Enquirer: 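I have a structure I would like to understand better, so I am pasting it below and will then ask my questions one at a time.
Keep in mind the model is a prediction, meaning the values are calculated, not measured.
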2 protein chains.
Amino acid sequence: MNSHELFHTLHQLSRHFTNHLNEALKPFGLYSAQWAVLFVLKTKGTLSQKELCDYLFVEAPPMTRTIQRLVKQGYVRQVPGKDKREKRIILTEEALLQYPKWERAVNEANRYLLEHLPETSQKELLTLQKSWLQKLL
Amino acid sequence: MNSHELFHTLHQLSRHFTNHLNEALKPFGLYSAQWAVLFVLKTKGTLSQKELCDYLFVEAPPMTRTIQRLVKQGYVRQVPGKDKREKRIILTEEALLQYPKWERAVNEANRYLLEHLPETSQKELLTLQKSWLQKLL
DNA sequence: AGATAATAGTTACCTAGGTAACTATAATAG
DNA sequence: CTATTATAGTTACCTAGGTAACTATTATCT
């Protein structure tokens with residue numbers, strides 16, 4: 001089994017997707033990492049930065065930066081929690097207003113990337129990836 | 001089909017592997033991007049920077065940086081080609097000497113990451129990934 | 001041959017994400 | 001209650017990789 005090739009192709013796929021997603025988000029002044037945060041907030045509701053980190057498996061420093069950019073763009077607010085150390089992140093009205101447009105662009109990008117991969121392969125891949133990740137964590 | 005989840009897990013796997021590989025290479029003062037270059041040079045022989053870029057699907061600027069670090073560490077030399085624009089990249093004696101140690105560390109890291117993924121799953125994943133990549137390029 | 005276009009590589013600057021060191025607050029042990 | 005420890009977040013700095021703009025060389029077109 002050629003493990004180098006397995007890791008290499010996975011890495012390339014990942015980069016390719018990120019680039020494509022960034023391209024799709026460009027018209028809205030957003031980047032992939034920001035979209036990940038917006039998506040989670042829209043899906044799961046308000047979360048603290050720590051919870052966002054845990055959910056996205058990202059360290060705290062990059063999350064701070066991503067959120068600070070979203071704050072600057074007016075898509076997110078940082079509200080002190082009951083525990084004064086934590087900051088709860090809330091989508092703004094503006095973000096909720098723009099979200100459907102962003103989502104359409106992202107879905108279109110994903111559709112393009114998955115276009116030639118049969119539905120059965122997609123499901124197989126997802127299953128394999130999930131079980132692999134689970135075993136690693 | 002949840003495309004978000006498919007891309008998200010793939011992205012996380014990729015980050016996880018890179019982190020693990022960097023950890024394994026740390027004792028040797030090397031990073032994953034450098035290892036990728038060293039591996040290709042050892043496997044395919046001397047290449048120009050452009051050929052390295054094409055093979056690794058990386059843009060020229062990051063390749064320049066990675067190679068400059070390898071030059072500084074004495075693991076690679078840049079030799080002007082017949083075409084005076086291009087630079088051919090050659091592994092040094094020192095790199096050839098150290099290579100087996102690096103390879104052992106990388107193989108051990110890969111072995112660990114693949115440990116709980118059955119051989120059949122590995123092959124399936126590789127097949128799916130390769131066919132997906134091919135359709136995208 | 002000479003002007004123009006294409007190519008290899010570099011530099012500057014951007015986002016993504018990692019660690020180490022730090023601050024402020026909360027939780028806990030004595 | 002106080003001292004210590006743990007936690008949330010930030011800052012500084014590192015590598016990885018992307019685009020845009022640039023230089024030097026080669027290829028091409030008239």
Enquirer: Output the rounded distance in Å from CG (A:D54) to P (D:dT7).
Expert: 12 Å
Enquirer: Please report, rounded to the nearest Å, how far the P atom of D:dG17 is from the CG atom of A:N19.
Expert: 11 Å
Enquirer: A:I67 and A:Q34: side-chain contact (heavy atoms from CB on, under 4.5 Å), yes or no, with the steps?
Expert: CA-CA 7 Å; A:I67 287 175; A:Q34 296 177 286; over 6 Å; no
Enquirer: Looking at every strand, decide which applies to A:H11 at a 4.0 Å heavy-atom threshold: base, sugar-phosphate, or nothing.
Expert: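 Result for A:H11 = sugar-phosphate.
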Enquirer: Kindly indicate, with the supporting measurements, whether the criterion side-chain contact (heavy atoms from CB on, under 4.5 Å) is fulfilled by A:F39 and A:Y99.
Expert: CA-CA 9 Å; A:F39 176 77; A:Y99 192 90; 3.3 Å; yes
Enquirer: Quick one: label A:Q49 by what it contacts on the DNA or RNA (base, sugar-phosphate, nothing), any heavy atom closer than 4.0 Å.
Expert: sugar-phosphate
Enquirer: Can you run down the side-chain hydrogen bond (donor to acceptor under 3.5 Å, both in side chains) pairs that involve residues 85-96 of chain B, sequence neighbours left out, and say none if there aren't any?
Expert: B:D83-B:R85, B:E86-B:R88, B:E94-B:Q98
Enquirer: Return the nucleotide paired to C:dG30: Watson-Crick means purine N1 to pyrimidine N3 with N6-O4 or O6-N4, wobble means G-U with N1-O2 and O6-N3, both under 3.5 Å.
Expert: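 Pairing partner: D:dC1.
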Enquirer: Do the side chains of A:K72 and A:R69 get nearer than 4.5 Å, heavy atoms only?
Expert: no
Enquirer: Within this structure, what is the CZ-to-C1' distance between A:F17 and D:dG17, rounded to whole angstrom?
Expert: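 Roughly 17 Å, once rounded to whole Å.
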Enquirer: By a strict heavy-atom criterion of less than 4.0 Å, which residues belonging to residues 74-90 of chain A are in contact with DNA chain D?
Expert: A:Q78, A:R85, A:E86, A:K87
Enquirer: For A:L128 and B:S121, work out which heavy atoms get closest and say how close.
Expert: CD2-CB, 3.6 Å
Enquirer: Indicate yes or no for a side-chain donor-acceptor contact from B:T64 to the backbone of B:A60 under 3.5 Å, with no hydrogens or angles considered.
Expert: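 Between the backbone of B:A60 and the side chain of B:T64 there is a qualifying donor-acceptor contact (under 3.5 Å).
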Enquirer: Tabulated below should be each protein N or O lying under 3.5 Å from an N or O of nucleotides 11-15 of chain D; please produce it.
Expert:
unit_1: D:dT11; atom_1: OP2; unit_2: A:Q68; atom_2: NE2; d: 3.4

Enquirer: Find the distance A:H16:NE2 to D:dG18:C1' and express it as a whole number of Å.
Expert: 14 Å
Enquirer: Mind calculating the distance between NZ (A:K50) and P (D:dA6) to the nearest angstrom?
Expert: 15 Å
Enquirer: Evaluate the criterion side-chain contact (heavy atoms from CB on, under 4.5 Å) for residue pair B:L113 and B:H16; output intermediate values, then yes/no.
Expert: CA-CA 9 Å; B:L113 290 169; B:H16 196 87; 4.0 Å; yes
Enquirer: B:E59 has an atom CD; how far is it from atom C1' of C:dA16, in whole Å?
Expert: 16 Å
Enquirer: Ring centroids only, cut at 6.0 angstrom: are A:W132 and B:F17 within range, meaning strictly under it?
Expert: yes
Enquirer: Could you go through the side chain to side chain donor-acceptor pair (under 3.5 Å) check for B:Q78 and B:Q49 one step at a time?
Expert: CA-CA 9 Å; B:Q78 293 173 302; B:Q49 290 192 199; 2.8 Å; yes
